[in-house]
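Keep in mind that the numbers below use all heavy atoms, side chains included, and drop hydrogens, waters and symmetry copies.
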Amino acid sequence: MTAWTSDELSKIDGADELRIESQRADGTLGSPRTIWVARLGDDLYVRSVRGPDSVWYRGTQLRHGGRVEAGGVSKDVTFADAGGELDDELDAAYRAKYRRYAENIVDTIVAPLAKSATIRLVPRLYGMHRG
C-alpha cells in the first residue's frame, strides 16, 4: 500500500468534484460518476448520498478497485472501508469544504444514509490490470 503525496492531496482537496470509476470483472472501468470528496489528514473519503444501494457504490464493493480523477490528478485506487469512527470529523470536513452550497444540499452528504456508504480512497502503487 502507498500514500497520497502532499501535492496529490492538495490538488484533489482543492477540486470541487471527483470522478470515480469502479473496476469491472474484465478489468475495464465502469461509467464515471461525479461526486464530492473530503480530505481528513492524509486520507481522502467519498460518500454516496443515495447510500449503499447506489449503483456506483455497489460497483466499488464488488472489486474494491478503480480510478479517481480530480484537480488534474488521475490515480488508480483501492476502495477501503472507512469504518464509522470518523463520521463526525468527516461531516465537519464536508461542511467546511462545501459550505458555499445551500445547507439542504450539504445535509445530504452528512445524512445517515450517506454515512453508511463512506469509502476511504487508497492510492495503488501499481496500476490495475485492464483486460
Side-chain angles (χ1 to χ4, degrees):
M1 199 171 343
T2 186
W4 296 101
T5 67
S6 59
D7 186 54
E8 290 169 335
L9 285 168
S10 294
K11 286 179 177 179
I12 293 172
D13 187 40
D16 241 13
E17 298 175 322
L18 175 135
R19 273 180 30 138
I20 190 168
E21 301 165 278
S22 58
Q23 188 175 15
R24 295 179 178 139
D26 66 0
T28 62
L29 295 171
S31 300
R33 305 285 189 205
T34 301
I35 58 174
W36 283 356
V37 59
R39 177 181 177 180
L40 203 54
D42 290 335
D43 290 310
L44 297 168
Y45 297 86
V46 294
R47 288 177 169 168
S48 169
V49 295
R50 293 195 174 101
D53 291 333
S54 169
V55 172
W56 76 260
Y57 179 83
R58 286 193 326 255
T60 68
Q61 301 305 291
L62 290 174
R63 290 185 186 71
H64 302 284
R67 175 172 280 275
V68 296
E69 295 179 19
V73 175
S74 181
K75 197 81 162 178
D76 287 335
V77 296
T78 297
F79 302 118
D81 180 28
E85 61 276 355
L86 298 174
D87 279 348
D88 291 342
E89 291 176 72
L90 276 172
D91 289 354
Y94 271 111
R95 287 190 187 284
K97 181 173 181 177
Y98 296 104
R99 66 180 166 259
R100 70 184 173 284
Y101 291 91
E103 187 175 346
N104 65 325
I105 294 171
V106 178
D107 284 348
T108 63
I109 201 70
V110 298
L113 187 61
K115 289 180 192 187
S116 72
T118 303
I119 299 169
R120 184 169 56 96
L121 303 174
V122 180
R124 291 187 180 191
L125 185 55
Y126 301 103
M128 297 179 308
H129 166 70
R130 291 188 175 88

Problem - Sidechain-backbone polar pair: Q61 side chain, R58 backbone, donor-acceptor under 3.5 Å - result: no
Handout entry: Transitive ILVMFWY side-chain link Y57 to L90, under 4.5 Å
Key = no
Exercise for the section: Look up atom CZ in R67 and atom CZ in R124, then write down how far apart they are to the nearest 0.5 Å. Expected result: 10.5 Å
Practice task
Quick one: pull up CG in D16 and OG1 in T34 and give me the separation to the nearest 0.5 Å.
Solution key: 11.5 Å
Problem - Flag side-chain contact, heavy atom, 4.5 Å: H64 against V122 - result: no
Exercise for the section: Test side chain to side chain contact (heavy atoms under 4.5 Å, CB included) on Y45 and I119 and set out the steps. Expected result: CA-CA 6 Å; Y45 297 86; I119 299 169; over 6 Å; no
Completion exercise
In terms of heavy-atom contacts, F79 and G66 come closest through CE1-N, 3.6 Å
Handout entry: CG on L86 to CG on D43, rounded to 0.5 Å
Key = 8.5 Å
Handout entry: K97 to D13 - nearest heavy-atom pair and separation
Key = NZ-O, 2.9 Å
Exercise for the section: Could you tell me whether the side chain of R33 reaches within less than 4.5 Å of the side chain of V55, counting heavy atoms only? Expected result: yes
Exercise for the section: Report whether I109 and Y98 are members of the same hydrophobic cluster (ILVMFWY, side-chain heavy atoms less than 4.5 Å apart, transitive linking). Expected result: yes
Handout entry: Residue pair V110 / R95, side-chain heavy-atom distance below 4.5 Å
Key = yes
Handout entry: Where G51 and A117 come nearest, the two heavy atoms and their spacing
Key = C-CB, 3.6 Å
Exercise for the section: Answer yes or no: are there more than 12 heavy-atom neighbours, outside R99 itself, under 6.0 Å from its atom CZ? Expected result: no
Exercise for the section: State plainly whether one hydrophobic cluster holds both L18 and L9, where clusters connect Ile, Leu, Val, Met, Phe, Trp and Tyr through side-chain heavy atoms under 4.5 angstrom apart. Expected result: yes
Exercise for the section: Please report the shortest heavy-atom distance between S74 and E69, naming the atom on each side. Expected result: OG-CG, 3.4 Å
Handout entry: From T108 atom OG1 to E103 atom CD, the distance as rounded to the nearest 0.5 Å
Key = 11.5 Å
Exercise for the section: Answer whether the closest heavy-atom distance between the side chains of W56 and S22 falls below 4.5 Å. Expected result: no
Problem - E85 atom CD: more than 12 heavy-atom contacts under 6.0 Å - result: yes
Handout entry: Backbone N/O of K115 and side chain of T118: donor-acceptor pair under 3.5 Å
Key = yes
Problem - R47 and D87, any side-chain heavy atoms less than 4.5 Å apart - result: yes
Practice task
State whether the side chain of W4 and the backbone N or O of S10 hold a donor-acceptor pair below 3.5 Å, judged by distance alone.
Solution key: no
Practice task
Could you label the plane-to-plane angle of the W36 and Y101 rings as parallel, tilted or perpendicular, counting under 30° as parallel and over 60° as perpendicular?
Solution key: tilted
Completion exercise
Between the OG1 atom in T60 and the CD atom in Q23, the distance rounded to the nearest 0.5 Å is 12.0 Å
Handout entry: Where A70 and A15 come nearest, the two heavy atoms and their spacing
Key = CB-CB, 3.9 Å
Problem - hydrophobic_cluster_shared for Y94 and L113, side chain cutoff 4.5 Å - result: no
Handout entry: T28 versus D26, side-chain donor and acceptor atoms under 3.5 Å
Key = yes
Problem - Inter-residue atom distance D53.CG - S116.OG, 0.5 Å rounding - result: 8.5 Å
Exercise for the section: Kindly work out whether a path of hydrophobic side-chain contacts (I/L/V/M/F/W/Y, heavy atoms less than 4.5 Å apart) joins I105 to I35. Expected result: yes
Handout entry: Presence of salt bridge, R19 and E17, under 4.0 angstrom
Key = no
Problem - Closest contact, heavy atoms only, K75 versus P123 - result: CE-CB, 3.7 Å
